[in-house]
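Below is one structure, written out as structure tokens; the observations come after it.
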Amino acid sequence: MPRGMTDTPLTLFNSLTRKPEPFEPVHPGEARVYSCGPTVYNYPHIGNMRAYVFADVLGRTLSFKGYKLTHVINITDVGHLTDDADEGEDKMEKMAAQQAQSIWDIAEHYKQAYWADVRALNIRQPAQWTVATDYVPQMIDFAKGIADRHCYELDSGLYFDVSTVADYGRLARAQTDEGEGRIEAVEGKRNAADFAIWRKTPPGEKRQMEWDSPWGRGAPGWHLECSVMSGEVLGFPFDIHTGGIDHREIHHPNEIAQNQARCCTNGLDVAENSGARVWMHNNFLVERSGKMSKSSGDFLRLQLLIDKGFHPLAYRMMCLQAHYRSELEFSWDGLQAALTRLKRMVMQAEALAVVETGDLTAARSHPKFAPLVEKFDAAISDDLNTPVALTVLEDVLATKKVDGGLKRAIVADMDSVLGLGLLDLKRADFRIPPKSAAISESAIEEALERRKLARAEKDFATSDAIRDELAAKGVEVMDGDPLGWEWKPGD
Ligand code: AMP
Ligand code: ZN
């Protein structure tokens with residue numbers, strides 16, 4: 001998609017081939033993307049949200065490069081077991097039982113909580129949120145279409161026989177029969193990697209969520225959901241399928257096997273039959289003390305960061321500072337550094353608040369901006385190199401003696417990809433009181449008033465004492481700054 005003189009072709013790393021590849025859309029000028037969404041049985045942790053920040057940057061980049069984007073994210077409200085490989089209990093049923101609530105209420109509550117995080121992180125709304133329970137009839141139809149050739153029935157459900165598709169597991173590069181740690185949990189499975197696409201409700205039991213099917217009353221398998229929702233909404237083959245790197249091992253190989261069963265006619269290239277041409281995976285956010293695990297009680301949710309006084313976009317900044325394919329280690333110091341960097345950029349961008357946006361084409365060809373525009377485009381086109389793209393945007397913000405309107409146009413253009421909301425944020429937005437705040441805003445203003453008087457009387461001892469007193473309560477006084485004070489994120 002040409003964007004002018006500086007256009008660099010977009011290259012994306014395809015997990016299927018383990019190589020960067022030039023992006024070639026299935027439908028010229030369009031980009032159709034499906035992202036595996038959350039299972040809404042609990043709050044998302046910030047690691048989960050890294051997956052959606054990544055998918056968002058991908059979508060924003062495709063828009064920036066001129067493609068008409070259709071992005072779909074699903075909401076899984078049925079069928080996801082506590083273990084990806086057919087083991088354990090249904091996550092939703094388990095939480096509903098623990099909280100003595102209906103599954104539908106659990107799903108609604110955690111879907112809303114996820115959407116709140118999506119908004120707080122400036123993740124753009126996809127064209128469609130597909131909810132798994134809205135697609136059960138289509139799932140049954142899909143399963144019916146492949147059952148004869150690819151599935152077999154056991155007492156517990158309908159199973160997919162992975163030996164019936166060519167090159168099963170090529171995405172994971174796993175040895176199917178070795179099973180990569182898979183346990184043959186279900187008696188009668190033909191291959192360890194076979195998986196349920198329909199799970200029958202055991203006799204005498206009743207699930208909160210169950211439907212009639214040709215294989216008895218029960219619920220769809222988690223892998224089936226994504227094959228059905230992506231194919232229904234985007235059509236096979238579509239362009240890009242995303243998820244966290246854990247999905248490269250089981251969930252996505254299983255989706256691919258189903259898609260292949262559905263699409264495959266002999267002689268067609270298997271890459272074309274994987275459902276999506278490009279499969280992309282973000283690496284994990286890791287945290288050494290185990291606070292990422294949802295079973296750890298006070299786990300790392302975005303709200304926890306906010307409760308400590310961090311603006312949520314500091315976390316987005318933290319994600320952008322790492323390449324999506326690199327592991328990212330979470331630390332409070334790292335988050336603090338990301339917050340400081342974001343604040344600095346917001347302060348520089350504030351000067352642009354009063355100017356009108358200039359012409360983007362003129363701005364892009366301006367001698368001060370043209371090399372930066374080219375560098376930004378090259379970075380983001382190189383498999384979404386956000387760490388470099390960020391530094392280029394900082395260079396733009398630091399450009400002196402240039403028309404403010406043109407600068408604003410470039411900042412808006414680059415930030416349309418990074419999504420930090422630089423032209424909307426104000427210094428004051430960073431005044432987030434930590435939950436543990438020992439002082440109110442009015443008491444801070446009152447103390448600052450006393451301090452002003454002390455300084456006017458050259459009583460520096462009192463003035464310093466007030467500053468220290470505020471510092472002890474988590475408030476930073478900034479002399480010479482028009483805003484005057486800010487909360488310091490605490491421990
Ligand atoms: P789930 O709700 O468990 O299906 O996970 C939602 C998304 O988060 C999936 O794409 C996972 O692959 C991804 N994910 C899970 N844990 C992490 C993590 N620690 N860092 C990054 N992504 C993750
Ligand atoms: Zn999925």
Side-chain angles (χ1 to χ4, degrees), residues 15 33-58 72-84 88 90-92 94-95 106-107 110-111 113-115 117-118 121 123 129-132 135 139 171-172 195 197 220-234 238 240-259 275-276 279-296 299-302 315-316 318-319 322-330:
S15 298
V33 181
Y34 181 90
S35 300
C36 279
T39 303
V40 284
Y41 72 104
N42 203 338
Y43 295 106
H45 58 51
I46 56 172
N48 297 135
M49 296 315 293
R50 185 181 187 200
Y52 307 111
V53 170
F54 150 64
D56 182 53
V57 171
L58 171 66
V72 173
I73 307 180
N74 74 287
I75 303 280
T76 291
D77 55 354
V78 64
H80 193 174
L81 300 196
T82 45
D83 181 291
D84 285 357
D90 185 299
K91 288 185 180 186
M92 301 290 305
K94 187 177 168 195
M95 190 56 136
I106 295 276
Y110 292 114
K111 182 180 76 182
Y114 165 67
W115 280 345
D117 285 2
V118 161
L121 289 169
I123 291 167
W129 297 102
T130 55
V131 179
Y135 286 81
M139 292 174 199
L171 178 68
F195 55 91
I197 64 172
W222 173 46
H223 315 300
L224 181 63
E225 298 175 8
C226 282
S227 281
V228 170
M229 290 185 277
S230 59
E232 282 281 324
V233 182
L234 299 175
F238 58 93
I240 306 173
H241 195 310
T242 79
I245 193 130
D246 53 332
H247 289 349
R248 203 179 67 181
E249 308 308 316
I250 297 174
H251 182 45
H252 289 170
N254 290 353
E255 268 189 61
I256 287 176
Q258 293 166 155
N259 298 349
W279 292 72
M280 294 178 74
H281 297 98
N282 62 278
N283 211 323
F284 264 30
L285 179 80
V286 293
E287 203 271 334
R288 292 197 192 284
S289 69
K291 284 282 183 196
M292 199 75 74
S293 159
K294 293 186 188 178
S295 54
S296 76
F299 67 87
L300 280 171
R301 283 173 56 193
L302 194 63
Y315 177 63
R316 185 177 176 106
M318 193 178 192
C319 292
H323 190 267
Y324 76 89
R325 287 198 289 117
S326 307
E327 210 171 68
L328 170 59
E329 185 164 343
F330 178 81

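As the structure lists them, so they are numbered: ligands from 1, and atoms in each ligand from 1.
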I'd like to know if the side chain of Y315 reaches the main chain of I46, judged simply by a donor and an acceptor atom lying under 3.5 Å from each other, with no hydrogens or angles considered. yes
Nearest heavy-atom contact between M318 and L328 is O-CD2, 3.7 Å
S227 OG to E232 CD distance, which is reported to the nearest 0.5 Å: 11.5 Å
Any donor-acceptor pair under 3.5 Å linking the side-chain atoms of N74 with those of Y34? yes
Using modelled atom types and a 3.5 Å cut-off, is there a donor and acceptor pairing between side-chain atoms of R288 and backbone atoms of E329? no
Closer than 2.8 Å to the Zn ion (ligand 2): does that hold for any N, O or S atom in C226? yes
At the Zn ion (ligand 2), what angle lies between atom NE2 of H251 and atom SG of C36, rounded to 10 degrees? 110°
With heavy-atom distances below 4.5 Å as the criterion, would you say the side chains of Y52 and P38 are in contact? yes
At a 4.0 angstrom heavy-atom cut-off, what protein residues surround ligand 1? G37, P38, T39, H45, G47, N48, A51, Y52, H80, G243, G244, D246, H247, N282, N283, F284, L285
For the residue pair C36 and H241, establish whether any side-chain heavy-atom pair is separated by less than 4.5 Å. yes
